Amino acid sequence: MKKQSVAAACVTALLLLTTACGKAEEPALPLPQEEQVKTICQLAVLECEYHNLAKYQDGQKVERFLWMTKGKRFWVEYSATAVLGIDADQVSMELQGDVVSITLPRARVLNCKVNGDSLSKDSYIVDKDSAPVTAQDEVAAFQDAQDGLQKTVEADNNMMNLAQKRAEELMRNYVNSLAKATGTEYQVEFHYIEEDETA
């Protein structure tokens, strides 16, 4: 009888222990994360190749022959690579219910450089009426080309818009993939930081 009482007490204790734990908690569903959105912005870059012709003209009269003087005039033909994208540091995200609000700046030129291997002696085209061109002139022309390249790329509205749409599409796809995995319908809204706000 004593053994049966002990066995019954053990079974009761075991039942109490197992029922005291209650139901296992369901795992938390993944939500859109701001850090993920920023990472996507860093990856959503658009790399463009540009072929350009930069004009160099030194207005100073550098060569004299009797009463005639000549200036230096030549062109530099080069190729360059520009990287367009979103500044991820300025991106923020807010989740309210099923609305994902993403605030971001407009796409801009993140990096821009002339491809040095595209330059050779043949890249410099000297005007037939130009004074002789020196190596220093070529270096100055190359620097001018590099400085002017960013302006050229920034003026390319089609490429800037494409970079903007690419970043937005990747962020929207990220939110939609979470929605599909969790069975939640999210509405994605984009808000833009205007340039005067970042100044």
Side-chain angles (χ1 to χ4, degrees), residues 6-52 79-118 146 148-199:
V6 171
C10 286
V11 169
T12 307
L14 187 59
L15 284 172
L16 286 173
L17 283 174
T18 56
T19 55
C21 293
K23 286 195 265 182
E25 285 186 29
E26 290 182 18
L29 296 175
L31 298 172
Q33 301 290 319
E34 185 175 297
E35 285 307 311
Q36 284 297 103
V37 170
K38 287 185 176 195
T39 301
I40 289 166
C41 283
Q42 290 170 341
L43 298 173
V45 293
L46 187 63
E47 199 167 282
C48 312
E49 291 289 322
Y50 282 86
H51 192 76
N52 209 356
S79 64
T81 304
V83 178
L84 313 179
I86 304 291
D87 183 353
D89 291 338
Q90 295 184 35
V91 175
S92 62
M93 189 208 82
E94 192 176 334
L95 179 62
Q96 290 185 336
D98 60 354
V99 178
V100 179
S101 297
I102 300 172
T103 303
L104 66 161
R106 298 286 179 184
R108 67 179 182 86
V109 179
L110 299 176
N111 188 4
C112 207
K113 67 175 185 172
V114 173
N115 300 334
D117 57 353
S118 73
Q146 205 158 8
L149 176 61
Q150 182 146 343
K151 290 177 184 173
T152 301
V153 177
E154 286 170 348
D156 190 341
N157 289 328
N158 289 337
M159 293 310 289
M160 299 302 271
N161 288 337
L162 187 60
Q164 186 82 32
K165 287 186 189 320
R166 177 185 165 95
E168 290 172 11
E169 184 181 346
L170 287 174
M171 286 185 275
R172 193 184 302 277
N173 287 346
Y174 159 68
V175 174
N176 288 342
S177 66
L178 282 180
K180 192 174 179 182
T182 61
T184 307
E185 288 280 332
Y186 288 115
Q187 180 184 339
V188 182
E189 294 178 353
F190 291 105
H191 305 279
Y192 304 96
I193 302 169
E194 296 307 323
E195 285 182 24
D196 57 339
E197 291 178 37
T198 60

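Reckoned from all heavy atoms, side chains included, excluding hydrogens, waters and symmetry mates. Note that this is a predicted model, so its numbers are computed, not measured.
- Note: Leu110 CG to Cys41 SG = 10.0 Å, rounded to the nearest 0.5 Å.
- Between Ser79 and His51, the shortest heavy-atom distance links the atoms CB-ND1, 4.1 Å.
- Here the shortest heavy-atom pairing between Lys38 and Asp89 reads NZ-O, 4.1 Å.
- The structure places NZ of Lys151 at 12.5 Å from SG of Cys112, a figure rounded to the nearest 0.5 Å.
- Counting only heavy atoms from C-beta outward, the side chains of Tyr192 and Leu104 approach each other to under 4.5 Å.
- The shortest distance between side-chain heavy atoms of Cys48 and Leu84 falls below 4.5 Å.
- Residue-environment remark: CD (Glu49) exceeds the threshold of 12 foreign heavy atoms within 6.0 Å.
- Taking the side-chain hydrogen bond (donor to acceptor under 3.5 Å, both in side chains) definition, one finds that Gln36 meets it with nothing, sequence neighbours left out.
- In terms of heavy-atom proximity, Tyr186 sits nearest to Pro32 at OH-CD, 3.6 Å.
- Among all heavy-atom pairs drawn from Ala167 and Ile86, the shortest one is CB-CG1, 3.5 Å.
- Here the CG atom belonging to Leu162 is positioned 9.5 Å from the CD atom belonging to Glu169, to the nearest 0.5 angstrom.
- Using a 4.5 Å heavy-atom threshold, the side chains of Leu31 and Gln33 count as touching.
- Qualifying side-chain hydrogen bond (donor to acceptor under 3.5 Å, both in side chains) partners for Gln164, counting only residues two or more places apart in sequence or in other chains: Glu168.
- At least one side-chain heavy atom of Asp87 sits under 4.5 Å from a side-chain heavy atom of Arg108.
- Using a 4.5 Å cut-off on side-chain heavy atoms (C-beta onward), Leu170 and Leu43 make no contact.
- For the atom pair CZ of Arg172 and NZ of Lys165, the computed distance is 10.5 Å after rounding to the nearest 0.5 Å.
- Residues Pro105 and Val91 form a side-chain contact, since some pair of their non-hydrogen atoms from C-beta on lies under 4.5 Å apart.
- Taking CD from Glu154 and CG from Leu149, the interatomic distance works out to 9.5 Å, rounded to the nearest 0.5 Å.
- Summarising the geometry, atom OG1 belonging to Thr184 is positioned 12.0 Å from atom CG belonging to Asn176; distances are rounded to the nearest 0.5 Å.
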Q: Would you please test Glu189 and Val99 for side-chain contact (heavy atoms from CB on, under 4.5 Å) and show each step?
A: CA-CA 7 Å; Glu189 294 178 353; Val99 178; 3.7 Å; yes
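- The environment of CD in Gln96 is sparse: at most 12 heavy-atom neighbours from other residues, nucleotides or ligands sit within 6.0 Å.
- Put simply, the side chain of Val153 does not reach to within 4.5 Å of the side chain of Met159, judged on heavy atoms.
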